[in-house]
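Notes to accompany the following structure.
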Amino acid sequence: MTKLRADPARSLVSLATRLLPAQRRDWGQAMQAEFDAVPGPWARWRFALGCARMALVAPRQAGGPGLLVRVGLLAGAAVVGLGIYGLAPAMAAVALLVPAVLAGLIWLALLRARSATGHQGTPGWPLQALILGGVAGWLGVVMYGVVRYPAMGAFNLWGALAFTGLLAGYVGMALLPPRVVTGQVAAARGPALVGGLVTGGLIVAGGAVAHLSDVQVLKGWSWLGLLVTPMVVGAVAARSSGATGAAAHTRLDPGVRAALQAGVWAGLVGGLLVAVGGMSVMYLAPDLYVPTDAYTVHAFQASGLPDIITYEVLDSLGGLSVLLVAVPLLSTIPAAVGGALAASLPRQTPAS
């Protein structure tokens, strides 16, 4: 340990080795071994800097993030940012933050794809397309609200940071899910896709019918989908999971793990459907969403906004932003329960 501290050049070689993609780690280990034979401090520093250069600009495998990809990401981020600002100047801070953060996440996803196992552990393109499309939809409905109801005001820095963080969380779970939610990904994908569509669709349909036709009972029953559907999703994912391989050696039962993964992704899809669908229905018939209860009317009068529809749109955007966080969290609980119940049942084994 003392030798490492006394030789920064060696530390640089070690760092460069850790930055290499998995398929070039053997080369890095060989460079570390060769470093000991390099005489003189200046020669050692030249060798270490050469290793660092190779780690940063090492040849990329097919499909890796090359120069054209980097230029495309920068150009795409600039176009998205200018588009947001051009359509909704009140979202200037969002126009600066969102494209930069999303481009960074895409870049990290491309870097992960360079590794030997980069293709593993993702929710699959159907779920990714739904989540990324939902993120674009949420950005769109927020922009529409800001432009259509300018009395809501502009995004301040804290609001822009919170909004960007929310979008980044969804995009990150689609492109760069942590390993803790990818152990039984094959069993979780299908149930999560169906469960998310059912959960979000029931809630949006119930809320729309309640406001458009004043049938409140369906609105209450539709929220049971947030409890029942994830439980079924978790049970199906648990029964579809395998107990062999690396997953069998984890502390958590593979079936429960698959159920948790399915519950998280189902909640992401369902949350986006609720948020985008709920705001879209409200924009179509804003007059039907005008509140009449004394509490909301008093809150509107204290808000200083010019009309109650603007107040209701702003309030709905805030409430649905909370649901975008709450729905994925809440869906994991019944999914885990369903997974635990299904995992406790005996599995049928093929007759020998």
Side-chain angles (χ1 to χ4, degrees), residues 70-111 131-178 264 267-268 271-280 282-283 286 289 296 299-330:
R70 283 177 278 177
V71 172
L73 278 177
L74 291 175
V79 169
V80 171
L82 290 173
I84 294 174
Y85 180 74
L87 294 172
M91 299 177 67
V94 172
L96 179 65
L97 292 171
V98 167
V101 171
L102 297 187
L105 289 172
I106 295 172
W107 173 256
L108 291 176
L110 292 173
L111 289 179
I131 294 172
L132 296 178
V135 167
W138 178 243
L139 177 60
V141 296
V142 172
M143 289 176 59
Y144 178 85
V146 170
V147 174
R148 176 67 178 79
Y149 303 96
M152 290 193 301
F155 271 72
N156 57 28
L157 179 59
W158 292 112
L161 287 172
F163 183 78
T164 303
L166 183 60
L167 296 188
Y170 271 78
V171 173
M173 287 299 296
L175 300 180
L176 294 162
V264 170
L268 293 174
L272 285 168
L273 280 177
V274 170
V276 177
M279 286 308 303
S280 298
M282 183 175 187
Y283 291 147
Y289 283 78
T296 305
F300 155 66
Q301 293 171 345
S303 69
L305 294 172
D307 59 85
I308 198 167
I309 293 180
T310 299
Y311 171 83
E312 187 65 11
V313 169
L314 181 60
D315 187 61
S316 296
L317 286 173
L320 290 173
S321 297
V322 174
L323 284 181
L324 283 172
V325 179
V327 171
L329 295 177
L330 292 176

Tell me the closest heavy-atom pair linking [X] and [Y], and the distance in Å.
{"X": "Tyr170", "Y": "Leu268", "answer": "CE2-O, 3.3 Å"}
{"X": "Ala103", "Y": "Ala77", "answer": "CB-CB, 4.1 Å"}
{"X": "Gly134", "Y": "Val276", "answer": "O-CG2, 3.7 Å"}
{"X": "Gly83", "Y": "Met143", "answer": "O-CE, 4.5 Å"}
{"X": "Asn156", "Y": "Gly159", "answer": "OD1-N, 2.6 Å"}
{"X": "Ala109", "Y": "Leu175", "answer": "CB-CB, 4.0 Å"}

Within a strict 4.5 Å, meaning less than it, do heavy atoms of the [X] and [Y] side chains meet?
{"X": "Ile309", "Y": "Tyr149", "value": "yes"}
{"X": "Val264", "Y": "Met173", "value": "yes"}
{"X": "Val142", "Y": "Phe155", "value": "yes"}
{"X": "Leu324", "Y": "Leu272", "value": "yes"}
{"X": "Val98", "Y": "Phe163", "value": "yes"}
{"X": "Ser321", "Y": "Trp138", "value": "yes"}
{"X": "Leu105", "Y": "Leu176", "value": "yes"}
{"X": "Met282", "Y": "Leu317", "value": "no"}

What residue pairs, at least two apart or across chains, pass side-chain hydrogen bond (donor to acceptor under 3.5 Å, both in side chains) with a residue in residues 299-308? Asp307-Thr310

Calculate, to the nearest 0.5 Å, the distance between atoms [atom1] and [atom2] belonging to [X] and [Y] respectively.
{"X": "Leu132", "Y": "Leu167", "atom1": "CG", "atom2": "CG", "answer": "11.0 Å"}
{"X": "Leu161", "Y": "Leu166", "atom1": "CG", "atom2": "CG", "answer": "12.5 Å"}
{"X": "Leu320", "Y": "Asp315", "atom1": "CG", "atom2": "CG", "answer": "9.5 Å"}
{"X": "Ile84", "Y": "Leu96", "atom1": "CD1", "atom2": "CG", "answer": "10.0 Å"}

Using only atom types and a distance under 3.5 Å, with no angle test, would you say the side chain of Tyr283 pairs donor to acceptor with the backbone of Tyr144? no

Who pairs with Phe300 by ring-ring contact (aromatic ring centres under 6.0 Å, His included), at least two apart in sequence or on another chain?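 Once residues adjacent in sequence are excluded, Phe300 has no partner under the ring-ring contact (aromatic ring centres under 6.0 Å, His included) criterion.
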
